[in-house]
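The next block holds one structure in the form of structure tokens; read it before the comments.
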Amino acid sequence: MKERTVAYFSMEIALEPQMPTYSGGLGVLAGDTVRSAADLQVPMVAVSLLHRKGYFSQKLDAEGWQTEEPVQWKVESFLKEMPQRVDVNVEGRAVQVRAWRYEVRGASGFVVPVYLLDTDLPENSEQDQTLTDFLYGGDSRYRLCQEAVLGIGGVRILRALGCERILRFHMNEGHASLLTLALLEERAVRGERWAFGPEEIEAVRKLCVFTTHTPLPAGHDEFPVDLAVKVLGHPEFKTMPEVLLSNGNLNLTRLALNLSRYVNGVSMRHGETSRRIFSTHAIEAITNGVHALTWTAAPFQKLFDRHVPGWKQDNLCLRVALNLPVEEVWKAHLECKRELLGFVRQKGACQMKEDHFTIGFARRAAGYKRGDLLFREPNRLKAIASRAGPIQLLFAGKAHPNDQMGKELIQRIVRAGKELQGAVPMCYLENYDMELAKRMTAGVDLWLNTPQPPLEASGTSGMKAALNGVPSLSTLDGWWMEGHIEGVTGWSIGEEKELPPEERAASDAASLYDKLEKVILPLFYRQRESFIRVMVHAIAFNGSCFNTQRMVQQYVLNAYFRIQ
Ligand SMILES: *Cc1c(COP(=O)(O)O)cnc(C)c1O
């Protein structure tokens with residue numbers, strides 16, 4: 001491990017569908033980042049938590065009400081236990097931490113190891129044994145304890161594993177930013193743990209890179225200093241310099257911002273938004289991507305293998321997908337659609353027709369993503385389906401267990417679907433995960449995305465769809481600001497100007513209905529070849545660009561090893 005120079009820290013990471021170590025977009029991005037780093041032979045090592053009980057498995061009752069079940073998985077069948085142990089001071093106790101190793105093997109065989117930290121050891125108290133059980137579970141004390149294990153335990157375990165020459169510590173979101181405290185400790189004068197000054201802080205800044213992922217306040221963990229003192233166990237915390245505390249609180253985003261040499265948002269638009277929120281910081285942008293091979297369905301892989309040789313090695317080659325024969329693109333698409341609809345039928349969920357226009361929407365049930373926007377005027381939607389051609393809808397997505405509003409949102413969508421039954425069949429699929437995401441993004445005819453600008457930092461599911469020739473219909477926000485060419489790669493909803501939420505919802509819904517009725521459905525049902533041209537452009541323009549191969553190259557060039 002001596003040769004590793006980049007350490008990537010993330011609270012969640014999607015390594016395999018059967019490993020419940022992620023909740024959604026952030027974890028999928030972390031997994032895709034590591035997969036591309038392995039392909040590109042970037043000397044990276046990654047750190048996350050084990051999440052023995054996962055995030056949760058989602059059940060919906062007949063009314064659409066979500067309940068959660070812990071996930072059971074056999075850690076030993078995926079991971080190898082490492083012999084090293086380190087301890088982290090939590091509430092005055094020395095909590096023992098071990099690591100499990102997972103290997104992500106790139107296209108050429110190069111391995112990026114991922115170490116998942118685990119406190120379930122007999123030496124620890126019963127309570128401490130559960131610290132690495134639940135992703136985003138528990139209260140703020142539990143969260144801060146986990147963040148101490150991830151950040152501080154993570155740095156120590158890397159050292160114990162022999163990673164001595166790490167030049168960059170990349171914090172994927174603020175959850176990991178306590179790693180800066182561990183790095184400061186390593187430099188503390190005369191071995192006094194918390195004795196550091198401007199020089200030590202500057203030395204740590206030179207090592208750190210921070211990616212922020214949301215403009216929403218809930219995405220930025222902040223703890224009262226008393227809780228920080230209690231959990232991290234240092235009365236000195238109260239007298240820490242202002243770069244480490246903000247307004248007397250421990251704010252993990254501010255800590256990461258203050259202690260990083262390079263900070264970025266995850267799309268151009270999100271970079272701008274973040275510069276507005278954190279106006280005293282220089283914040284750049286590297287737009288997210290997805291791992292092309294992971295998210296391209298088998299029929300499209302075969303199609304690309306035939307017509308775009310070299311696409312796996314160099315995703316930019318997908319640019320020449322412009323020349324793909326339209327009949328073959330359609331045939332591959334129908335294969336994906338059949339697979340998805342077969343899955344839906346087998347779930348007993350509902351009957352969908354292969355020749356009917358199918359819209360997909362799947363994401364976390366968060367208010368700003370507005371999953372219910374399509375149902376704002378059910379009669380309008382019915383009228384469109386009867387005039388312009390049949391429509392069927394596939395929805396999915398989890399709400400955070402404590403998010404009452406998110407659960408109510410799912411319920412509203414399920415109810416709206418029942419009211420449409422007969423006119424516009426709708427099905428809400430349970431337990432949205434990597435596997436379902438792969439099926440859905442490849443198998444629908446249109447990928448719908450309705451966040452309220454400017455709150456979607458990037459969004460990545462539309463990129464998965466693009467790789468499979470599925471165009472997006474989306475509000476102008478996040479990555480779509482860069483990926484959208486009207487009528488060429490997909491379509492936009494609403495205008496760019498900022499409006500109050502209620503006005504915005506009314507005008508966006510009207511725009512969404514208009515696009516469906518006047519532009520997209522006529523193209524799909526009456527000018528099929530032109531519709532397939534849009535599919536081809538989605539692959540050529542967006543598949544070739546919005547992948548993690550391009551993204552990791554930008555991190556290497558701009559963030560990790562930029563000559564300053
Ligand atoms: C890709 C993915 C996401 C992220 O989708 P967004 O478009 O960013 O909302 C979330 N969850 C799963 C399971 C995914 O595969």
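Order of listing sets the numbers, starting from 1, for every ligand and every atom in it. Along the sequence shown, residues are numbered consecutively beginning with 1.
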Qualifying ring pair (Phe, Tyr, Trp, His ring centres under 6.0 Å) pairs, either residue in residues 50-74, two or more places apart: Trp73-Phe78

Quick check on the 6.0 Å ring-centre criterion: do Phe524 and His356 meet it? no

Provide the closest heavy-atom pair for Thr475 versus Trp480 in the form atom of the first, atom of the second, distance. O-CD1, 3.5 Å

Does the ring of Trp295 carry Lys464 above it, NZ/CZ under 6.0 angstrom from centre and within 45° of its axis? yes

Do any nitrogen or oxygen atoms of ligand 1 lie under 3.5 Å from a protein nitrogen or oxygen, and which ones?
unit_1   : atom_1 : unit_2 : atom_2 : d
ligand 1 : 7 (O)  : Arg363 : NH2    : 3.4
ligand 1 : 7 (O)  : Thr460 : N      : 3.3
ligand 1 : 7 (O)  : Ser461 : N      : 2.9
ligand 1 : 7 (O)  : Ser461 : OG     : 2.5
ligand 1 : 8 (O)  : Thr460 : N      : 3.0
ligand 1 : 9 (O)  : Lys369 : NZ     : 3.2
ligand 1 : 15 (O) : Lys464 : NZ     : 2.6

Cation-pi between Arg370 and Tyr368: NZ/CZ under 6.0 Å from ring centre and within 45° of the ring axis? no

Using distance alone, with no hydrogens and no angle criterion, decide if Ser461 and Trp447 have a side-chain donor and acceptor under 3.5 Å apart. yes

